[in-house]
Amino acid sequence: MANKALIVYFSLSGSTEQVADLLAKISNGTVYPIQVVTPFPEDMYKTNDIAEAQREDHTYPELSGKLPNVADYRIILLGGPVWNGHPATPLLRFLQDVNLGSVPVAPFFTYATDPGDYAKEIDRLLGANSLAALGMADAVVAKTSKATAELQKWWDTVRPR
């Protein structure tokens with residue numbers, strides 16, 4: 001396998017992107033940002049309304065760009081923001097469109113105040129592929145040295161041996 005880790009993430013406010021960039025340095029992995037065809041509004045209330053409707057209808061946003069071949073990697077680090085206690089809908093679309101096969105997936109997520117049941121929900125969605133999730137408050141992400149230490153500790157527990 002050419003690369004060990006694939007860091008797949010969706011970020012709206014930039015916190016998850018910061019975490020993905022730190023993970024790329026820690027894991028020496030390849031970063032794949034999930035992009036949507038129709039951008040979400042900057043107003044988080046409007047975004048939450050759109051995401052709720054998408055979750056209810058299971059009509060997740062269309063992704064742009066070529067999807068990665070996950071079979072080329074030994075592990076996927078899958079990250080996104082918590083939207084109203086749930087995974088962001090672009091992540092749900094990614095999981096719908098990509099066949100993970102038997103590649104293990106370690107989810108990470110960022111949140112402003114309350115992660116809700118995000119970890120349980122993403123674990124259920126990933127099934128047998130799921131490894132230990134890591135949630136990180138935006139306030140911790142802003143403290144780069146603290147975030148890096150937490151990410152390094154998590155990476156040490158999930159990385160392929």
Side-chain angles (χ1 to χ4, degrees), residues 5-23 26-27 29 31-36 38-63 67 70 73 75-143 146-159:
L6 175 64
I7 300 123
V8 175
Y9 75 93
F10 176 77
S11 186
L12 190 61
S13 69
S15 289
T16 307
E17 182 178 14
Q18 281 182 265
V19 172
D21 289 344
L22 291 171
L23 281 170
I26 291 167
S27 68
V31 175
Y32 176 85
I34 295 172
Q35 302 292 327
V36 293
T38 304
F40 287 91
E42 289 186 26
D43 181 321
M44 201 60 219
Y45 294 107
K46 289 179 183 175
T47 294
N48 277 336
D49 290 345
I50 292 167
E52 275 301 313
Q54 290 173 342
R55 272 194 297 278
E56 285 176 20
D57 297 343
H58 300 283
T59 54
Y60 308 126
E62 185 179 348
L63 304 183
L67 294 172
V70 297
Y73 299 89
I75 187 170
I76 299 166
L77 307 178
L78 179 67
V82 174
W83 282 1
N84 210 19
H86 301 281
T89 56
L91 282 184
L92 300 176
R93 180 59 181 253
F94 178 83
L95 292 174
Q96 187 178 58
D97 290 355
V98 172
N99 179 359
L100 297 173
S102 61
V103 179
V105 181
F108 65 95
F109 56 94
T110 59
Y111 57 94
T113 55
D114 180 7
D117 288 330
Y118 186 104
K120 288 180 185 176
E121 187 173 342
I122 199 77
D123 186 57
R124 180 183 53 76
L125 290 168
L126 294 171
N129 292 39
S130 188
L131 299 175
L134 175 70
M136 190 171 287
D138 292 347
V140 174
V141 175
K143 298 175 184 170
K146 183 173 183 174
T148 301
E150 284 190 33
L151 291 167
Q152 181 67 59
K153 185 177 176 182
W154 177 68
W155 171 245
D156 289 344
T157 65
V158 298
R159 75 175 180 203

Exercise for review: Evaluate the side-chain proximity of Met136 to Leu151: yes if any heavy-atom separation is below 4.5 Å, no if none is.
Suggested key: yes
Exercise for review: Using a 4.5 Å cut-off on heavy atoms from C-beta on, say whether the side chain of Leu100 contacts that of Leu126.
Suggested key: yes
Point to revise | Side-chain heavy-atom pair Val19, Phe109 within 4.5 angstrom cut-off | key: no
Point to revise | Sequence-distant partners of Arg159, side-chain contact (heavy atoms from CB on, under 4.5 Å), two or more places apart | key: Trp155, Asp156, Arg161
Review point. Can you name the residues that form a side-chain hydrogen bond (donor to acceptor under 3.5 Å, both in side chains) with Ser15, not counting sequence neighbours?
Key: Asp138
Practice item. State which residues pass salt bridge (charged side-chain N to carboxylate O under 4.0 Å, His left out) with Asp117; sequence neighbours excluded, sorted by chain then number. Key: none
Point to revise | Set of ring pair (Phe, Tyr, Trp, His ring centres under 6.0 Å) partners for Tyr111, sequence neighbours left out | key: none
**Study point:** Side chains of Val8 and Tyr73 in contact at under 4.5 Å (non-hydrogen atoms)
**Key:** no
Point to revise | Side-chain heavy-atom pair Leu23, Val31 within 4.5 angstrom cut-off | key: no
Exercise for review: Under the side-chain hydrogen bond (donor to acceptor under 3.5 Å, both in side chains) rule, collect the residues that match up with Glu17, sequence neighbours excluded.
Suggested key: none
**Study point:** 4.5 Å side-chain heavy-atom contact, Leu95 and Leu78
**Key:** yes
Point to revise | Heavy-atom pair with the smallest gap, counting every atom of Pro107 and Val105 | key: CD-O, 3.4 Å
Point to revise | Tyr9: ring pair (Phe, Tyr, Trp, His ring centres under 6.0 Å) partners, not counting sequence neighbours | key: none
Practice item. Report the distance from atom NZ of Lys153 to atom CG of Leu134, rounding to the nearest 0.5 Å. Key: 10.0 Å
Check your understanding: Considering all heavy atoms of both residues, which atom of Leu91 and which atom of Gly80 are nearest to each other, and what is their separation?
Key -> CD1-CA, 3.6 Å
**Study point:** For the student: nearest non-hydrogen atoms of Leu77 and Ser27, plus distance
**Key:** CD1-OG, 4.4 Å
Review point. Which pair of non-hydrogen atoms, one from Ile75 and one from Val158, has the smallest distance, and what is that distance?
Key: CD1-O, 3.3 Å
Check your understanding: Where do Pro90 and Val36 come nearest, in terms of heavy atoms and distance?
Key -> CG-CG1, 3.7 Å
Point to revise | Spacing of Leu125 atom CG and Lys120 atom NZ [to the nearest 0.5 Å] | key: 14.5 Å
Revision key, fill the gap. Residue pairs passing the ring pair (Phe, Tyr, Trp, His ring centres under 6.0 Å) test with at least one member in residues 87-108, sequence neighbours excluded, are none
Point to revise | Partner set under side-chain contact (heavy atoms from CB on, under 4.5 Å) for Asp123, not counting sequence neighbours | key: Ser130
Please list every donor-acceptor pair under 3.5 Å in which a side-chain atom of residues 47-58 meets a protein atom from a residue at least two apart or in another chain.
{"unit_1": "Thr47", "atom_1": "OG1", "unit_2": "Pro41", "atom_2": "O", "d": "2.8"}
{"unit_1": "Thr47", "atom_1": "OG1", "unit_2": "Asp43", "atom_2": "O", "d": "3.3"}
{"unit_1": "Glu52", "atom_1": "OE2", "unit_2": "Arg55", "atom_2": "NH2", "d": "2.4"}
{"unit_1": "Glu52", "atom_1": "OE2", "unit_2": "Asn84", "atom_2": "ND2", "d": "3.3"}
{"unit_1": "Gln54", "atom_1": "OE1", "unit_2": "Thr89", "atom_2": "OG1", "d": "2.5"}
{"unit_1": "His58", "atom_1": "ND1", "unit_2": "Tyr60", "atom_2": "OH", "d": "3.0"}

Study note, to complete from the structure: Sorted by chain and residue number, the side-chain contact (heavy atoms from CB on, under 4.5 Å) partners of Gln18 (sequence neighbours excluded) come out as Val141
Check your understanding: What heavy-atom pair brings Ala20 and Ile7 nearest, and what distance separates the two atoms?
Key -> CB-CG2, 3.8 Å
Point to revise | Residue list, side-chain contact (heavy atoms from CB on, under 4.5 Å) with Thr148, at least two apart or on another chain | key: Leu22, Ile26, Thr144
Study note, to complete from the structure: One should read off an interatomic distance between Leu131 CG and Ile76 CD1, to the nearest 0.5 angstrom, of 10.0 Å
Practice item. Using salt bridge (charged side-chain N to carboxylate O under 4.0 Å, His left out) as the criterion, list what pairs up with Glu62, not counting sequence neighbours. Key: none
Practice item. Rounded to the nearest 0.5 Å, what's the gap from CZ on Phe10 to CZ on Phe40? Could you check? Key: 5.5 Å
